[in-house]
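First the structure, in the form of structure tokens, and then the observations on it.
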Amino acid sequence: MTVTGAGPEAGTEEPPPGKRKFTFPSALTVLALVTVAVWLLAFLIPSGLYDRDRSGAPIQGTYHRVDSGQSFVDRLNDLFLSPVNGLYGIQDERSGRVGPELVGALYGSAGVFLFVLAIGAFITVVFATGALDRGIARLAHRLRDRGALLIAGIMVVFSVLGTVEGFAEETLGFYGLVVPLMLALGYDRMVAVGTIILGAGIGVLCSTVNPFATGVASSAADISLGDGIALRFVMWVVLTAVTVLYVIRYARRVRRDPTRSLTGFLPGDRDRKPTDEAPELTGLHKAVLVVMVLVFAFMIFSVVPWSSALTGDANAIPYGFELGWSFPELAALFLCAAVLVGLVARMGEQKLSSTIVQGAADFISPALVIVLARGVTVIMNNAQITDTVLHSIEGVVKDTSSGVFAILVFVVNLPLAFLIPSTSGHATLAMPILAPLADFAGVSRAVVVTAWQSASGWMNLWVPTTAVTIGGVALAKVGYNKYLRFVAPLLAILFVLICVFVGLGAAWT
């Protein structure tokens with residue numbers, strides 16, 4: 001779901017004549033700059049390698065300097081081919097170098113790239129049926145006389161969508177529904193903002209199987225998407241409950257005493273009344289919603305390592321019913337699911353085909369971000385500086401406890417999340433460094449993935465570099481400074497809870 005522009009009535013202001021308003025660069029531009037910066041730094045950072053065990057993990061204490069053997073032309077060629085290598089670069093088994101014409105294992109992110117396009121097609125087809133929009137609208141109408149339950153219901157739905165499929169930008173289309181509804185129930189516009197931004201945002205922060213966060217990070221960390229899902233699920237339950245109660249507490253305060261509203265009320269805000277018309281939910285809409293739920297439930301079932309999850313033994317023999325699916329199978333699943341939804345909704349061949357193509361096109365940006373970020377990793381790999389960077393960080397964390405290590409991973413990723421608001425790009429860029437550190441600290445790589453995505457999700461609840469936050473407050477006609485004042489206490493609470501969870505998770509594993 002795309003919002004093309006908010007306009008002046010959404011709270012934006014035109015820059016004065018002769019002055020250009022600064023806008024933060026897109027994720028693609030940031031990663032392009034990072035690519036050039038890393039390429040230049042590779043001339044200054046000495047090459048080095050760790051000895052590897054049979055699984056390919058670095059062995060602590062074995063780092064040694066080596067000669068990369070790269071000429072300037074070789075390095076220039078790596079820069080030129082970095083996006084290509086990021087998509088389908090092949091890693092030579094003997095030399096470890098990555099290139100599009102070598103022979104060995106796939107190093108590029110082609111599997112993740114296709115998966116992102118496939119899930120983009122599926123989500124777009126679902127939205128094209130109108131089923132999800134109407135389902136949420138009907139929920140809001142049924143709970144219109146029970147304000148607290150309405151807030152909790154919408155936030156939980158958004159949080160579920162956030163934790164399983166990264167529901168974020170899509171929320172921008174719901175302000176036209178939620179803002180008038182909250183005002184009609186005696187709340188202010190900040191309640192609507194908190195319900196939407198924090199509802200979806202806390203789900204993304206506690207992603208369980210979100211392909212754009214957990215999925216990409218798990219792939220880059222070389223672990224299963226289902227690894228660590230128990231910890232992430234408990235985090236999701238607790239943090240979602242805390243966030244819902246926080247918004248409800250503020251909403252009740254404003255309803256009792258409107259003068260305590262952080263935003264105040266615009267002319268006409270206090271005159272709104274709830275609508276008596278319930279949006280129609282046809283049999284086709286219900287069928288589409290059932291299919292959507294079943295598809296995501298099956299995705300979760302297909303990726304969870306059930307034997308390890310149920311026994312607590314990471315090396316447990318898989319049960320016979322386990323599928324152990326990864327990105328190739330999941331890409332096929334969502335392409336088939338997109339066609340199935342189209343058939344159930346009777347979209348017709350031409351509309352279904354065009355919607356699938358449009359959906360893939362709408363998601364080409366996050367897919368390209370993954371490719372560019374992987375290209376940066378290829379440059380570091382071929383210059384043989386990845387292990388050098390890893391060795392420098394090893395000296396910082398090697399004497400820390402497992403719990404402190406996990407908290408440090410969370411804290412270190414906060415500024416990176418500001419510079420790279422794209423979760424997919426951030427994951428692909430950071431995980432090749434962070435995952436081996438977990439091996440040195442004796443911590444599960446899944447805990448590192450959880451700490452990383454918590455940092456990305458926590459920052460994206462408030463940073464001005466995300467369209468979800470800036471676009472949301474503009475559409476609701478709420479000042480960004482007032483939103484920061486509203487969310488600051490919650491951010492502090494979530495920060496502490498995240499540190500507790502990742503610390504205990506590291507100690508437990």
Side-chain angles (χ1 to χ4, degrees), residues 50 53 55 57-61 163 202 204-210 213-240 242 303-305 308-316 389-417 423 426-427 429-459 491-509:
Y50 281 96
D53 59 22
S55 65
I59 301 174
Q60 189 172 13
T163 193
I202 201 66
V204 175
L205 188 157
C206 303
S207 294
T208 50
V209 290
N210 172 10
T214 314
V216 176
S218 298
S219 175
D222 198 25
I223 60 175
S224 165
L225 178 60
D227 288 342
I229 193 172
L231 173 63
R232 295 194 295 269
F233 178 76
V234 174
M235 279 188 65
W236 175 75
V237 171
V238 174
L239 269 63
T240 298
V242 169
V303 300
V304 172
S308 299
L310 296 178
T311 64
D313 181 6
N315 298 315
V389 175
L390 178 60
H391 176 64
S392 66
I393 303 177
E394 177 193 352
V396 177
V397 302
K398 67 179 181 180
D399 294 326
T400 61
S401 66
S402 57
V404 172
F405 167 79
I407 295 172
L408 285 176
V409 171
F410 167 64
V411 173
V412 165
N413 275 282
L414 293 176
L416 284 177
T423 54
H426 183 187
L429 196 64
M431 274 301 139
I433 299 294
L434 297 176
L437 277 177
D439 301 335
F440 293 163
V443 174
S444 167
R445 291 189 175 198
V447 174
V448 171
V449 170
T450 302
W452 162 81
Q453 72 177 32
S454 298
S456 178
W458 188 85
M459 290 293 286
L491 291 174
I493 295 171
L494 295 177
F495 186 96
V496 173
L497 289 175
I498 291 168
C499 289
V500 170
F501 270 108
V502 297
L504 292 178
W508 179 59
T509 58

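- In plain terms, the two heavy atoms of S402 and A507 that are nearest each other are OG-CA, 3.6 Å.
- A donor-acceptor contact shorter than 3.5 Å links the side chain of T450 to the backbone of A446.
- Checked by atom type and distance alone, the side chain of T208 never pairs as donor or acceptor with a backbone atom of R232 at under 3.5 Å.
- To the nearest 0.5 Å, atoms OG (S218) and CG (N210) are separated by 10.0 Å.
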Quick one: do V448 and F405 satisfy side-chain contact (heavy atoms from CB on, under 4.5 Å)? Show the steps, please. CA-CA 9 Å; V448 171; F405 167 79; 3.9 Å; yes

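- Minimum heavy-atom separation, T214 to Q453: OG1-OE1, 2.7 Å.
- Proximity of a side-chain donor or acceptor of W458 to a complementary backbone N or O of L491 within less than 3.5 Å is detected.
- Remark: T163 OG1 to I202 CD1 distance equals 10.0 Å, nearest 0.5 Å.
- Nearest approach of A217 to V449, heavy atoms of both residues: CB-CG1, 3.8 Å.
- Contact detail for S454 and I498: the closest heavy-atom pair is CB-CG2, 3.6 Å.
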Taking it one step at a time, do W452 and V502 satisfy side-chain contact (heavy atoms from CB on, under 4.5 Å)? CA-CA 10 Å; W452 162 81; V502 297; over 6 Å; no

Might you work through the side-chain contact (heavy atoms from CB on, under 4.5 Å) test for V409 and V447, ending with a clear yes or no? CA-CA 10 Å; V409 171; V447 174; over 6 Å; no

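- Summarising the geometry, atom OG belonging to S401 is positioned 7.5 Å from atom CD1 belonging to I407; distances are rounded to the nearest 0.5 Å.
- Here the side chain of T240 pairs no donor or acceptor atom with the backbone of V237 at under 3.5 angstrom.
- Separation of atoms CG (L497) and CE (M235) is listed at 8.5 Å; rounding is to 0.5 Å.
- Contact detail for A506 and A406: the closest heavy-atom pair is CB-CB, 3.7 Å.
- Between the OG atom of S224 and the CZ atom of R445 there is a distance of 13.5 Å, given to the nearest 0.5 Å.
- Put simply, OG on S444 and CG on L231 are 9.0 Å apart, with the number rounded to the nearest 0.5 Å.
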Trace of the side-chain contact (heavy atoms from CB on, under 4.5 Å) decision for V238 with F501: CA-CA 10 Å; V238 174; F501 270 108; 3.8 Å; yes

